[in-house]
Amino acid sequence: MVSIAKVIVDIPTMQTNKPYDYRIPDEFEQDVVRGMRVVVPFGLGARKVQGFVVEITHSTDYEGELKSIVGLMDLTAVLNQEMLLLGKEMARKTYAFQITCYQTMLPAILKAKYEKKIRLIDEIPEDLFFELFKGKNEINWDEAESRAILPQLIDLKKKDAVEVVYEVKNQAKTKKKRVLQANLSFEQLEDEKISLGKRGPKQRLLLEVLQMLDDKEISVSELTLSTKLTASDIRTGEKKDWLTIKEVEVYRDPFKNQSFKPTVSFQLNEGQEKAIQPILKAVSEERTEVFLLKGVTGSGKTEIYLQTIAQTLQNNKSALMLVPEIALTPQMVNHFKGRFGEEVAVLHSGLSVGEKYDEWRKIERGEARVVVGARSSIFAPVKNIGVIIIDEEHEATYKQDENPRYHARDIAIWRANYHDCPVILGSATPSLESRARAQKNVYTLLELPTRVNRKELPDVEIVDMREEVKNANRSSFSVLLQEKIRDRIAKKEQIVLLLNRRGYSSFVMCRDCGFVLPCPNCDISLTLHMDTKTMKCHYCGHEEKIPYICPSCKGNKIRYYGTGTQKIEEELKEVLPEAKVIRMDVDTTRKKGAHEKLLTSFGNGEADILLGTQMIAKGLDFPNITLVGVLNADTGLGLPDFRASERTFQLLTQVSGRAGRAELTGEVIVQTFNPEHYAIQLAKEHDYDTFYKKEMSLRHRGSYPPYFYTVLITTSHEEELAAAKKMQQIVQYIKPQLQPETIMLGPTPKAVARMNNRYYYQTIIKYKNEPHLKAALQTILMESQKEMTKGLQIAIDSEPMNFI
DNA sequence: AGCACGCCGACT
DNA sequence: GTCGGCGTGCTC
């Protein structure tokens, strides 16, 4: 009976987004399994591509002659049954290609690289051989193209002297180390030593080492490093059969130079006890239930996570926990490694692709049963999951803003259903969506009302910056904030200053004519970067020199406007020359590990003030911080995004939590031009519940989530007209199919209408119930294929997080 | 994506 | 008459 594999090929287009049937040749019959990566020929030429086997059958509907699988890329499956299913489901839900989903679920190293080469297969004149092939057997296609010798090679192809070959390269290499082991017993080695006589001091040393080794193994590199022995001494030993060298696989250990202090469980307080009971019950009953764990900073959510995981491990199950990338600090990792030791695998963006792959395999083999990581860790190949935890559940980073546009929360719930286990969504300021679901008892709400240390939440004081301006204070620091900072410095306490960068940037403007330097590719102004002394575009990365003369009116009154962290730092130096400041923003944390380094030195008291953007709102947990200043609380409020208030409230609440976590009482100063705004007022009162009610009523009035579902459709093209026209066409196609209560916003040009020389148009659909919308959008994608090969792009984002 | 096929314009 | 332009369609 013939075996046939259904394969999803690595060609991300609408036409090829389906399984293709291939014969499994006899030589692979035993080895091919579902979820394995294979190499298959695809198309008319000799082209070969990577594919995933999604099914093995014995019949086909395909009329033509089946091709055969030509190679295997793995020894075992890389996608298990669950992942195969999840990928398919995700493709449907997010309008992405199946292949893109599978690749997203796996470590990047498992994505194939392709090479196209021209290989010599017949004799050619010697001069040509050297001119074209430089004396080698084959050359790279790209190289041939750049050396402009392709025409000559194509000539040779016609004479069958060369062939075009395609190589699918597997990048997934495991790290190996060479180890050696003695072949002889102590006594036999002693005999060898005697027969050496007085000559060969190196060989003698080698024998002594082997004697010491006993039966143990030692790596070749370790031995050459710690002794005078060289690789060739060891090779001689191998030749004399004293020892054997073999290769063993090692994991790249990203934490190899760190040790972890073991920690033990704390006694839970009454509130924590009450919250954890229902969770533990669901864990032991192996029942899917989504818990929304709401608790202010310091209320002990982490301990609940840790004890839930401990229970899960005791039940012989594993645990998966997501945290936002920037919260994945060494402190955080210590918590988990300290409690669960070697059982913990950590996945984050700081790891190399190889390290990620090793952690992935550790998980896959069941060697690590606790996985902690950022968004994409939700796809970790954990088996037998007992609990899934998403900390800081409200964070927008859990939604991926490129294809596949999945939300980790949705994937978590899907996997929880698959594994029959509970999900914990934790936050001090739950997203309105989740909080509303708890209201409707879709999720179970658990609250931690008090902080573990019984500390009151810090006092928040709002400073009206309009008054400061009236009183001719032109600096970024209100009089009050300056006073408080001086006071803390005198007391040797620490200060955190937050510059809210949302919707904000520093730009260069001419005071004579108002000219603002724009990006030549995008419709936005360039941002000033003092460190590189350039103007940069945040959308496309375009960079140019800082102008000193206005390009428009040729005047020299061109000045900087807006406030970046660098400018604040300089201002701070003028106002408070005695203060030591650590600045933390995208620029100072670009290098790997820089983020941690800055935090550590601040934690060690090497500076008085930590100045930074959003990223400092998380993961810093230093007892000596007693003052938090928010320099501009409201810059995000002006954005045309219905989540602007929610984000502002969340940010302010989060930074407030940074002040006074130990014995010292904390204080928060919030500077704003909108002191009456409810998001700011309610953050001051630490009043989530009122904020929730108020915001819900506004969402209701505006027909926004969680009352309505949303889909964002975006078209883009180099020609503005093409993008606009297509968007118009889409709207015209969909509109008649929608329910009367459904609302369509658009088509409109995007807030930044041109980015990277492409024009963007968008439409937002807000709906309650549209059974046919998914099919209609799918139809649009199917029918736009031709245009999409000609430079049109269509993006469909279900439940988008960013509307601008 | 990448390749072949096919149908129109300017040349050895 | 042919070579080659790129628009169209298919890939198990």
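All chains are named by letter (A, B, ...) in the order of the sequence lines, taking the proteins before the strands, and each is independently numbered beginning at 1.
Ring pair A/Tyr406/A/Phe379: centre-to-centre distance below 6.0 Å.
A/Asn756 CG to A/Glu718 CD: the interatomic distance, rounded to the nearest 0.5 Å, is 10.0 Å.
Residue contacts shown for A/Pro41 are limited to sugar-phosphate atoms, with no base heavy atom under 4.0 Å away. Using a 4.0 Å heavy-atom criterion, one finds that A/Thr789 contacts no nucleic acid atom at all. Among the atoms of the strands shown, base atoms are found under 4.0 Å from some heavy atom of A/Ile11. Within 4.0 Å (heavy atoms only), A/Lys6 reaches no atom of the nucleic acid at all.
With the nearest nucleotide of DNA chain B identified for both A/Leu44 and A/Gln15, A/Gln15 has the one nearer the 5' end.
Considering A/Glu143, A/Glu163, A/Glu138 in turn, A/Glu138 is the only one that fulfils the salt bridge (Lys or Arg N to Asp or Glu O under 4.0 Å) rule with A/Lys117.
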inquiry  = Please determine whether salt bridge (charged side-chain N to carboxylate O under 4.0 Å, His left out) holds for the pair A/Glu719 and A/Lys790, giving the CA-CA distance in whole Å, both sets of side-chain angles, and the decisive distance to 0.1 Å.
reply    = CA-CA 11 Å; A/Glu719 305 287 329; A/Lys790 284 180 218 145; over 6 Å; no
request  = Check step by step if side-chain contact (heavy atoms from CB on, under 4.5 Å) holds for A/Ile99 and A/Val9.
outcome  = CA-CA 7 Å; A/Ile99 187 71; A/Val9 293; over 6 Å; no
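The shortest distance between side-chain heavy atoms of A/Phe28 and A/Ser68 does not fall below 4.5 Å.
A/Tyr95 is linked by a ring pair (Phe, Tyr, Trp, His ring centres under 6.0 Å) to nothing, counting only residues two or more places apart in sequence or in another chain.
Heavy-atom distances under 4.0 Å link DNA chain C to A/Tyr62 of residues 46-63 of chain A, given in residue order.
Taking atom NZ of A/Lys113 as the reference point, atom C1' of B/dA1 lies 16 Å away to the nearest angstrom. One atom, NZ of A/Lys157, and another, C1' of B/dC3, lie 12 Å apart when rounded to the nearest Å.
Between A/Tyr20 and A/Phe42, the ring planes lie perpendicular to each other; the angle is over 60°, past the 30° to 60° tilted range.
When DNA chain C is scanned in the 5' to 3' direction for atoms under 4.0 Å from non-hydrogen atoms of chain A, the outermost contacting nucleotides are C/dT8 to C/dC12.
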